[in-house]
Novice: 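Dropping a structure here in structure tokens format, bear with me for questions.
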Amino acid sequence: AAVLGNPGAVRAGNAAIFVSGPPDAAERCTPLLESIAPTVRYVGDDERARVLKLVLQILIGGTAELLAEAVVLGESAGLDRGTLLDVVGASVVGSPFVAYKSDALRNDDYAATFTTAMMRKDVDLVLELAGRGDVDLPITGEVRAVLEAACEGGHADDDFISVIFTATSDLVSE
């Protein structure tokens, strides 16, 4: 079973659990898993839950990187960070994830809910899986490089939205 959601999401009742393996075993475990998260979904045999979690990590890591770049670009052109984040959140690209990370960016709060080092590890797992399937993920490779730069820049233990510091350190105060 793979859990989607950080400890805060679990405490708030907003986590999801994806289960794979033998259907009868998944069915027996469902009541226990539902006591942890309101959403429990069986996704198939083998390691499909792990693969689904990695697929979602591509989107989460990439979204964080693009959101950080958008903030840095907007601020460099004179936009107020709060206004920019409000507009992005209300736009077609707004999502619960963008709203959650917008609060952190608005408050310069980089306390880890999921560290940069942990996201880098997950992206490494994504790239390893892609390599086994002979799948090329060029943007994910770029996200991995940004995560590495953030880790090397002293943000390994900060929340992974700290990738904002890799875009520029001149525009964003640490």
Side-chain angles (χ1 to χ4, degrees), residues 1-23 25-44 46-71 81-82 84-126 129 140 143-144 146-148 150-151 153-166 172-174:
V3 177
L4 181 64
N6 61 42
V10 172
R11 283 190 296 277
N14 296 325
I17 299 176
F18 303 106
V19 181
S20 60
E27 188 175 325
R28 284 193 314 273
C29 294
T30 296
L32 173 64
L33 297 174
E34 286 175 337
S35 72
I36 300 168
T39 302
V40 176
R41 183 174 180 143
Y42 179 73
V43 296
D46 303 320
E47 292 190 76
R48 285 188 175 89
R50 183 180 81 84
V51 171
L52 182 57
K53 170 79 177 203
L54 293 175
V55 166
L56 291 171
Q57 290 300 78
I58 293 172
L59 294 168
I60 292 168
T63 301
E65 166 54 19
L66 287 173
L67 181 60
E69 286 188 22
V71 167
R81 183 183 289 198
L84 182 150
L85 291 168
D86 289 344
V87 171
V88 169
S91 76
V92 69
V93 297
S95 67
F97 176 78
V98 168
Y100 178 67
K101 291 304 176 190
S102 290
D103 287 344
L105 289 168
R106 187 177 282 108
N107 298 313
D108 282 323
D109 180 4
Y110 304 99
T113 59
F114 194 76
T115 69
T116 306
M118 289 167 54
M119 182 58 80
R120 179 185 59 190
K121 178 223 20 121
D122 279 4
V123 170
D124 284 343
L125 292 171
V126 165
L129 178 64
T140 303
V143 169
R144 201 272 180 212
V146 169
L147 291 163
E148 180 67 25
C151 286
H155 300 286
D157 295 327
D158 293 337
D159 190 86
F160 67 97
I161 198 63
S162 66
V163 295
I164 194 166
F165 296 114
T166 63
V172 182
S173 62
E174 291 193 49

Novice: Can you tell me how far the OG1 atom of Thr116 sits from the OH atom of Tyr110, to the nearest 0.5 Å?
Specialist: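 It comes to 11.0 Å.
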Novice: Does a donor on one side chain and an acceptor on the other come within less than 3.5 Å for Asn6 and Tyr100?
Specialist: yes
Novice: Between OG of Ser162 and CG of Leu147, what distance do you get to the nearest 0.5 Å?
Specialist: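 Interatomic distance, Ser162 OG to Leu147 CG, rounded to 0.5 Å: 8.5 Å.
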Novice: For the residue pair Val163 and Ala64, what are the closest heavy atoms and their distance?
Specialist: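 Taking every non-hydrogen atom into account, CG2-O, 4.0 Å.
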Novice: Taking Asp124 first and then Lys121, would you say they form a salt bridge - that is, a charged N and a carboxylate O separated by under 4.0 Å?
Specialist: no
Novice: With a 6.0 Å cut-off (strictly less than), is the heavy-atom count around CD of Glu27, excluding the residue itself, greater than 12?
Specialist: no
Novice: How close do Val143 and Gly62 get, counting heavy atoms only, and between which atoms?
Specialist: CG2-CA, 3.9 Å
Novice: What's the spacing between Asp109 CG and Lys101 NZ if we round to 0.5 Å?
Specialist: 9.0 Å
Novice: Roughly how far apart are Asp159 CG and Ile164 CD1, rounded to 0.5 Å?
Specialist: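 Interatomic distance, Asp159 CG to Ile164 CD1, rounded to 0.5 Å: 11.5 Å.
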Novice: Are more than 12 heavy atoms, taken from residues, nucleotides or ligands other than Arg50, located less than 6.0 Å from that residue's CZ atom?
Specialist: yes
Novice: With a 4.5 Å limit on heavy-atom distance, are the side chains of Leu84 and Arg81 in contact?
Specialist: no
Novice: For Val10 and Gly5, which heavy atoms make the closest approach, and how far apart are they?
Specialist: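 Of all heavy-atom pairs spanning Val10 and Gly5, the closest is CG2-O, 4.3 Å.
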Novice: Would you mind reporting whether Val40 and Val19 have side-chain heavy atoms less than 4.5 Å apart?
Specialist: yes
Novice: Would you indicate whether the side-chain heavy atoms of Asp86 and Arg106 approach each other to under 4.5 Å?
Specialist: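 The answer is yes, as the side chains (C-beta and beyond) meet within the 4.5 Å cut-off.
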Novice: Can you see which heavy atom on Gly13 is nearest to which on Pro38, and at what distance?
Specialist: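 The answer is O-CG, 3.0 Å.
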Novice: Can you measure from CD1 (Ile17) to OG (Ser35) and round to the nearest 0.5 angstrom?
Specialist: 8.0 Å
Novice: Over 60° means perpendicular and under 30° means parallel, so classify the ring planes of Phe160 and Phe114, tilted if in between.
Specialist: perpendicular
Novice: Report the C-alpha separation of Asp122 and Lys53 in whole Å, then their side-chain angles, then the decisive distance to 0.1 Å, and conclude whether the salt bridge (Lys or Arg N to Asp or Glu O under 4.0 Å) test is met.
Specialist: CA-CA 9 Å; Asp122 279 4; Lys53 170 79 177 203; 5.4 Å; no
Novice: When you measure from the side chain of Tyr42 to the backbone of Gly21, do you find a donor-acceptor pair of N or O atoms at a distance under 3.5 Å?
Specialist: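 Yes: the side chain of Tyr42 pairs with the backbone of Gly21.
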Novice: Check step by step if side-chain contact (heavy atoms from CB on, under 4.5 Å) holds for Val98 and Val93.
Specialist: CA-CA 8 Å; Val98 168; Val93 297; 6.0 Å; no
Novice: Please name the pair of heavy atoms, one in Ser20 and one in Ala49, separated by the smallest distance, quoted to 0.1 Å.
Specialist: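 What the structure gives for the nearest pair is OG-N, 3.1 Å.
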Novice: Looking only at non-hydrogen atoms, find the nearest pair between Leu4 and Ile60 and report the distance.
Specialist: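 Closest approach of Leu4 to Ile60, heavy atoms only: CD1-CD1, 4.0 Å.
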Novice: In Å, rounded to the nearest 0.5 Å, how long is the span from CD of Gln57 to CG of Leu125?
Specialist: 9.5 Å
Novice: Before giving the answer on side-chain contact (heavy atoms from CB on, under 4.5 Å), spell out for Leu56 and Phe18 the whole-Å C-alpha distance, their side-chain angles and the decisive distance to 0.1 Å.
Specialist: CA-CA 11 Å; Leu56 291 171; Phe18 303 106; 3.9 Å; yes
